[in-house]
Amino acid sequence: MIGIIDYGAGNIGNVERAFRYLNEETSIIDNGDNISSQLSLLVLPGVGSFAAGMAGLKERDLVKPIKEFIESGRPFLGICLGLQLLFARSKESGLVSGLEFFDEECLKFDSKKIKRVPQIGWNKVETVVESKVFNELPDQYFYFVHSYYVPVIPDLTVAKADYGGQEFTAILNRKNIWGIQPHPEKSGRTGLKFLENLIGVIK
């Protein structure tokens with residue numbers, strides 16, 4: 001069973017449909033009591049601001065159960081804002097702390113150097129570290145919607161992308177934690193194949 005966290009700011013419907021297309025059972029998690037250690041994967045989708053995302057998690061008492069699930073070694077996937085919330089903080093949120101699994105800060109694309117911020121649309125992802133999650137992808141293009149990004153981080157970034165000359169983390173992995181900045185559920189066959197590969201890796 002794959003648990004999909006609903007904190008009022010995620011693309012829940014499309015994410016759920018993507019996993020069901022892959023014949024995976026899903027469960028919508030809208031409070032901390034519903035996070036079971038028996039889940040095969042816990043997914044944190046996200047759209048909107050860093051501060052609003054953390055506020056939604058706190059309002060539904062999800063922060064501690066999410067941390068406990070990850071710390072237990074169970075597989076976790078953060079999508080878009082869900083990836084960014086794994087970090088200590090973001091330039092978007094001022095003093096608001098994230099889930100703090102990683103110490104780095106999420107930064108904003110420089111609108112003085114990049115004509116269009118946010119990045120909206122298709123972009124190529126470049127593999128940094130070989131992984132089975134990249135096996136037999138139809139292509140390397142994923143769909144992005146974001147103004148903030150995580151820099152490329154050694155021993156964490158497994159794939160990167162470039163927007164307007166700024167390289168950033170597209171996909172990350174450390175132990176049981178995975179994160180993807182683009183939206184696999186909006187990325188057609190490539191996104192679905194990535195999710196299928198990830199399920200195979202974590203099983």
Would you say the ring centroid of [X] lies under 6.0 angstrom from that of [Y]?
{"X": "F194", "Y": "F134", "result": "no"}
{"X": "H146", "Y": "F144", "result": "yes"}
{"X": "Y163", "Y": "F109", "result": "yes"}

Is there a side-chain contact between [X] and [Y], using heavy atoms and a 4.5 Å cut-off?
{"X": "V129", "Y": "D155", "answer": "no"}
{"X": "P184", "Y": "I79", "answer": "yes"}
{"X": "L107", "Y": "P151", "answer": "yes"}
{"X": "Q166", "Y": "D110", "answer": "no"}
{"X": "N123", "Y": "Y143", "answer": "no"}
{"X": "I29", "Y": "Y7", "answer": "no"}
{"X": "L81", "Y": "Y148", "answer": "no"}
{"X": "L41", "Y": "L77", "answer": "yes"}

Can you list everything that forms a side-chain hydrogen bond (donor to acceptor under 3.5 Å, both in side chains) with S147? Sequence neighbours excluded, please.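 S147 satisfies side-chain hydrogen bond (donor to acceptor under 3.5 Å, both in side chains) with no residue once adjacent residues are dropped.
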
For E105, which residues count as a side-chain hydrogen bond (donor to acceptor under 3.5 Å, both in side chains) partner, sequence neighbours excluded? none

Single-linkage hydrophobic cluster, 4.5 Å side-chain cutoff, [X] and [Y] together:
{"X": "I66", "Y": "F102", "result": "yes"}
{"X": "I120", "Y": "F168", "result": "no"}
{"X": "V15", "Y": "V145", "result": "no"}
{"X": "V133", "Y": "L192", "result": "yes"}

Can you list the residues that meet the salt bridge (charged side-chain N to carboxylate O under 4.0 Å, His left out) rule with E92, with sequence neighbours excluded? none

What residue pairs, at least two apart or across chains, pass side chain to side chain donor-acceptor pair (under 3.5 Å) with a residue in residues 60-86? Q84-Q181

Would you check if the side chain of N135 reaches a backbone N or O of L137 as a donor-acceptor pair within less than 3.5 Å? no

All pairs passing salt bridge (charged side-chain N to carboxylate O under 4.0 Å, His left out) where residues 18-27 contributes a residue, at least two apart: E16-R20, E24-K203

Which pairs count as salt bridge (charged side-chain N to carboxylate O under 4.0 Å, His left out) when at least one residue sits in residues 159-173, sequence neighbours excluded?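 Those involving residues 159-173 are K160-E167.
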
